[in-house]
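Here the structure is laid out as structure tokens; the discussion comes afterwards.
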Amino acid sequence: MLDLHAPVERHGEPYPWAVAHSVIPAATCRLLREQMPPPDALHPAERTGDGDKTYRMAVLPLIHRGAAEPGLTEVGEAWHRLVAHFQGDAYRDWVARTIGIDVSDTTFDIGLFVFQGGDRISSHTDKPGKRATHVLYLNDDWAHEHGGLFEVRGGPDLSDDPYATVVPGGGRSVLFARSERSWHAVAPVSAHAPHFRMTCQVEMWNPS
């Protein structure tokens, strides 16, 4: 279900982050896409205004603080196995090896996030209670011109060039540690993108 020996590119600037390749193998990604609800059936989520984080996307929460959400009944057996693997010790150890952050005592939020044309997330650092995040891209094919790039940033100003970008597809995933410097964003998805941008997100939170 998870290949925890997949190749990883580690980075230390501007904060600890990494790109992992094919942690979810291509065949498993296809199975997960087959066993999820239609993207337009997910719950719209939008926040506008002058806050520290604005966004537009659709979401299906599966796990909240380690407990099953109703959305887990809307996905197939492959998703249930994936969720169990994420919450196991082997995955937690992999996170620690990859970005140097101990997540052994964290509780997890796991969800399905889908973006269509115009959807995006502004630059932000995440809430202080979050220790790390892993975003896994479920699209086999995604081109730079389709937008929706994950952006590693040096601050909140979107007029500044990003420090680095990651194309959200082709087996890639991004893992990063939360800090006061962990600025990141999702660039707007192009109106001409041929597919929905589909991701599974694992958030590791400090114990309450």
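Start at 1 with the first residue, then count along the sequence. This is a predicted model, so every value here is computed, not measured.
- Atoms NE2 and CD, on H64 and E69 in that order, are 6.5 Å from each other to the nearest 0.5 Å.
- Across all non-hydrogen atoms, the minimal contact from E74 to P37 is O-CG, 3.6 Å.
- In summary, of the residues considered (W94, F108, W17), a ring-ring contact (aromatic ring centres under 6.0 Å, His included) with H134 occurs for W94 alone.
- Although no hydrogens or angles enter the test, the distance criterion places no donor-acceptor pair under 3.5 Å between the side chain of Q201 and the main chain of T133.
- Residues V95 and M1 are members of one and the same hydrophobic cluster, defined by side-chain heavy-atom contacts under 4.5 angstrom among Ile, Leu, Val, Met, Phe, Trp and Tyr.
- Remark: the backbone N or O of G170 is not paired with any side-chain donor or acceptor of Y137 at under 3.5 angstrom.
- With a 4.5 Å cut-off on side-chain heavy atoms, F86 and L136 count as touching.
- For the salt bridge (Lys or Arg N to Asp or Glu O under 4.0 Å) with R131, the lone residue among D102, D105, D126, D109 that qualifies is D105.
- Counting only distance, with no hydrogens or angles, the side chain of R197 and the backbone of G148 share a donor-acceptor pair below 3.5 Å.
- Follow the hydrophobic side-chain contacts under 4.5 Å out from I101 and you never reach V152; the two are in separate clusters.
- Residues L31 and L72 do not share a hydrophobic cluster, clusters being chains of Ile/Leu/Val/Met/Phe/Trp/Tyr side chains in contact below 4.5 Å.
- Below 30°, between 30° and 60°, or above 60°: for H184 and F176 the angle between ring planes is between 30° and 60°, a tilted geometry.
- Counting heavy atoms from C-beta on, the side chains of L149 and P168 come closer than 4.5 Å.
- Applying the 6.0 Å contact sphere to CG of D141 captures no more than 12 heavy atoms from other residues, nucleotides or ligands.
- Considering all non-hydrogen atoms of both residues, A68 and I63 come closest at CA-CD1, 3.8 Å.
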Per-pair distances, 0.1 Å, donor-acceptor, side chain in residues 112-119, under 3.5 Å, sequence neighbours excluded:
residue, atom, partner, partner atom, Å
D119, OD1, R56, NE, 2.6
D119, OD1, R56, NH2, 3.2
D119, OD2, Q116, N, 2.9

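- The two residues H85 and Y91 come nearest to each other via the heavy atoms O-CB, 3.5 Å.
- Nearest heavy-atom pair, S122 versus H124, reported as atom, atom and distance to 0.1 Å: O-ND1, 2.8 Å.
- Separating the OG1 atom in T28 from the CD atom in Q35 is a distance of 10.5 Å, to the nearest 0.5 Å.
- When all heavy atoms of D160 and R153 are compared, the pair lying nearest together is O-NH1, 2.8 Å.
- Between the CG atom of N206 and the OG1 atom of T106 there is a distance of 8.0 Å, given to the nearest 0.5 Å.
- Tracing side-chain contacts under 4.5 Å through hydrophobic residues (I, L, V, M, F, W, Y), one never reaches V19 starting from V23; they form parts of separate clusters.
- Not one N or O on the side chain of R10 forms a donor-acceptor pair closer than 3.5 Å with the backbone of I99.
- Although no hydrogens or angles enter the test, the distance criterion places a donor-acceptor pair under 3.5 Å between the side chain of W142 and the main chain of G147.
- The distance between the ring centers of H192 and H146 does not fall below 6.0 angstrom.
- Considering CG of L175 and CE of M204, their distance stands at 5.5 Å, rounded to 0.5 Å.
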Worksheet item: Step by step, would you call I110 with C200 a side chain to side chain contact (heavy atoms under 4.5 Å, CB included)?
Response: CA-CA 7 Å; I110 303 173; C200 177; 4.1 Å; yes
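- No donor-acceptor distance shorter than 3.5 angstrom exists from the side chain of R65 to the backbone of T107, with no hydrogens or angles considered.
- Rounded to the nearest 0.5 angstrom, W79 CH2 and T73 OG1 are separated by 14.0 Å.
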Practice prompt. Step by step, work out the side chain to side chain contact (heavy atoms under 4.5 Å, CB included) result for R178 and K127.
Written response: CA-CA 8 Å; R178 192 271 167 196; K127 295 179 180 179; 6.0 Å; no
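- For E151 against L158, the heavy-atom pair with the smallest separation is OE1-CD2, 4.3 Å.
- The CG atom of L4 lies 13.0 Å from the CZ atom of R92; values are rounded to the nearest 0.5 Å.
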Worksheet entry | Verdict with supporting geometry, I24 and L2, side chain to side chain contact (heavy atoms under 4.5 Å, CB included) | CA-CA 5 Å; I24 301 180; L2 292 176; 3.9 Å; yes
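- Under the 4.5 Å side-chain heavy-atom criterion for ILVMFWY residues, no single connected hydrophobic cluster contains both V166 and V186.
- By the 6.0 Å and 45° rule, R33 does not stack over the aromatic ring of F196.
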